[in-house]
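Reading through the structure tokens given below for one structure.
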Amino acid sequence: MSNPTERATYFVPGPTWVRPAILNEMTRPMIGHRSSEFKDLFVRVIANLKTLFGTTQDTLVATCSGTAILEAALINCVPRRLLVTTCGAFSERWRAIGESLGLEVDQLNAGWGNAVEPAALADHLTSRRGHYDAVTITHNETSTGVTNDVASLARVVRERSPDTLVLVDAVSSLGGIPVRFDEWGLDVCLASVQKGIALPPGITLFAVSAQALARAAKKPYRGTYFDFLNYKKHADDGSVPSTPSIPHFYALDRQLDDIINVETLDARFLRHEAMREATIRRTASYATLASDAAHASATVSALLPNLPAEQIRDRMKARGFTLGGGYGKWKNTTFRIGHMGDISLDDLNAMLDVLSEVAGT
Ligand SMILES: *Cc1c(COP(=O)(O)O)cnc(C)c1O
């Protein structure tokens with residue numbers, strides 16, 4: 001994956017750099033989504049998605065960005081009461097969507113830059129606030145560069161309230177940080193593909209538990225486009241409810257094969273950890289990590305530089321490198337380095353060489 005003619009210079013935490021070979025897949029001729037060719041491709045993709053999510057339950061693909069499946073998870077799985085755990089902009093999105101759907105939303109806020117503490121979640125769930133239909137967790141908070149301990153958080157929910165569903169946003173973790181859907185006892189887990197999966201934006205991958213599907217079956221109105229039961233019915237038949245982005249299916253088929261069989265998942269996770277370590281170590285003399293170092297993300301780092309963040313990004317742009325800006329209320333003070341997807345450690349190091357010239361003092 002490190003052909004020198006294909007070097008990454010784009011370090012934004014989504015959309016991420018896409019390999020030319022993957023872009024090429026998207027130019028293949030169309031096939032019908034009810035054809036046997038599509039069915040073969042679909043069956044392969046779904047099987048590989050089970051490996052990616054760590055599940056034997058249902059894995060599905062929808063043509064939409066990740067936010068649509070955040071909304072769909074709430075529509076399908078939450079009749080009334082939702083607890084949202086937050087630590088930055090993307091985890092707060094669950095709250096905004098829940099309120100837009102008229103749900104009763106409570107929030108457990110760890111504060112920007114922190115991780116959600118399992119003990120705080122346990123306290124919240126045992127302090128007589130009543131029963132929740134679901135709890136949301138954001139695996140990797142892209143605005144601050146924090147990875148939440150989903151295994152422990154989900155265990156807290158499972159132990160205290162077995163019929164409360166666990167809904168997980170893995171948009172910027174899947175493909176870069178391990179996700180173990182069955183082992184962790186998750187009910188819905190989703191990721192759009194323009195972050196750790198390193199495809200162009202346009203489709204979203206998700207896993208749903210039997211418990212989540214049973215909950216959906218009890219909801220009389222689930223809309224049409226994002227009805228999980230309709231997705232499952234069609235998937236069991238080797239297709240999707242309506243015309244999908246077929247070019248994305250070509251690219252996903254190739255990319256899943258490359259991730260699982262060529263690079264391998266374990267090597268991919270180690271590469272992301274090495275990219276986190278290189279980023280933190282090599283920027284330490286001119287920038288500090290903006291968030292809790294104990295939960296530093298393997299896919300994105302938010303940094304507080306000595307020089308103004310905008311100036312650093314402008315200078316990098318002039319040198320041919322694109323870095324991410326700060327997000328939300330951290331917009332002016334931080335910049336972000338996306339080190340996820342198919343970026344190699346060599347390409348990251350080449351960028352960090354230039355960054356230390358530009359930002360170092
Ligand atoms: C990017 C991102 C989203 C939004 O995904 P879209 O595909 O743009 O809708 C949601 N959650 C997290 C954690 C993200 O990083």
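Please read all numbers here as calculations on a predicted model, not as lab measurements. Atoms considered below: every heavy atom in the structure, side chains included; atoms not considered: hydrogens, waters and symmetry mates. We count ligands from 1, going down the list as the structure has it; atoms in each ligand are counted the same way.
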Output a table of donor-acceptor pairs, distance under 3.5 Å, between side-chain atoms of residues 197-210 and any protein atom two or more places apart or on a different chain; print 'none' if there are none.
| from | atom 1 | to | atom 2 | distance (Å) |
| --- | --- | --- | --- | --- |
| Thr204 | OG1 | Cys64 | O | 3.0 |
| Thr204 | OG1 | Ser65 | O | 3.1 |
| Thr204 | OG1 | Gly66 | N | 3.1 |
| Ser209 | OG | Asp187 | OD1 | 2.7 |
| Ser209 | OG | Gln211 | N | 3.3 |
| Ser209 | OG | Ala212 | N | 2.9 |

Fill in: Numbered atoms of ligand 1 (with element) below 4.0 Å of Arg93, judged on heavy atoms
4 (C)
Discussion item. Give the atom numbers and elements of ligand 1 that come within less than 4.0 Å of a heavy atom of Thr67.
Written reply: 4 (C), 6 (P), 9 (O)
Worksheet item: Looking only at heavy atoms, is any part of Val171 under 4.0 Å from ligand 1, and if so is it the side chain, the backbone, or both, or is it neither?
Response: side chain
Worksheet item: For Trp184 and His139, what are the C-alpha separation, side-chain angles and deciding distance, and is it a ring pair (Phe, Tyr, Trp, His ring centres under 6.0 Å)?
Response: CA-CA 12 Å; Trp184 297 349; His139 190 188; 5.8 Å; yes
Response to the item:
Checking Arg19, Glu25, His248 against Gln255 for side-chain hydrogen bond (donor to acceptor under 3.5 Å, both in side chains), the one that qualifies is Arg19
Fill in: Within-cut-off N or O pair, Phe90 and ligand 1, under 3.5 Å
no
Discussion item. Looking at every non-hydrogen atom in both residues, tell me the closest pair between Val354 and Phe321 and how far apart they are.
Written reply: CG2-CE1, 3.6 Å
Item to complete: Would you mind checking which non-hydrogen protein atom is closest to atom 8 (O) of ligand 1, with the distance to 0.1 Å?
Response: Gln194 NE2, 3.6 Å
Worksheet item: How close does the nearest protein non-hydrogen atom get to atom 5 (O) of ligand 1, and which residue and atom is it?
Response: Ser192 OG, 3.7 Å
Fill in: Short N or O distance, Ser65 and ligand 1, threshold 3.5 Å exclusive
yes
Item to complete: Establish, for the pair Lys195 and Phe90, whether the NZ or CZ atom is under 6.0 angstrom from the six-membered ring centre and no further than 45 degrees off its axis.
Response: yes
Worksheet, complete the sentence: for atom 11 (N) of ligand 1, nearest protein heavy atom and its distance come out as Asp169 OD2, 2.6 Å
Worksheet item: Any idea which part of Asn140 is under 4.0 Å from ligand 1, heavy-atom wise: side chain, backbone, both or neither?
Response: backbone
Item to complete: Compute both the distance and the angle, then confirm whether Arg313 meets the cation-pi test with Phe335: under 6.0 Å from the six-membered ring centre, within 45 degrees of the axis.
Response: no
Worksheet, complete the sentence: The closest protein heavy-atom partner of atom 15 (O) of ligand 1 is Thr142 OG1, 2.4 Å
Worksheet entry | Heavy atom of His139, distance to ligand 1 below 4.0 Å | no
Item to complete: List for me each residue that meets salt bridge (charged side-chain N to carboxylate O under 4.0 Å, His left out) alongside Glu273, sequence neighbours excluded, and say none if there are none.
Response: none
Worksheet item: Taking 4.0 angstrom as the limit, do Arg319 and Asp314 come out as a salt bridge?
Response: no
Worksheet item: Among protein heavy atoms, which sits nearest to atom 14 (C) of ligand 1, and what does the distance come to when rounded to 0.1 Å?
Response: Lys195 NZ, 3.0 Å
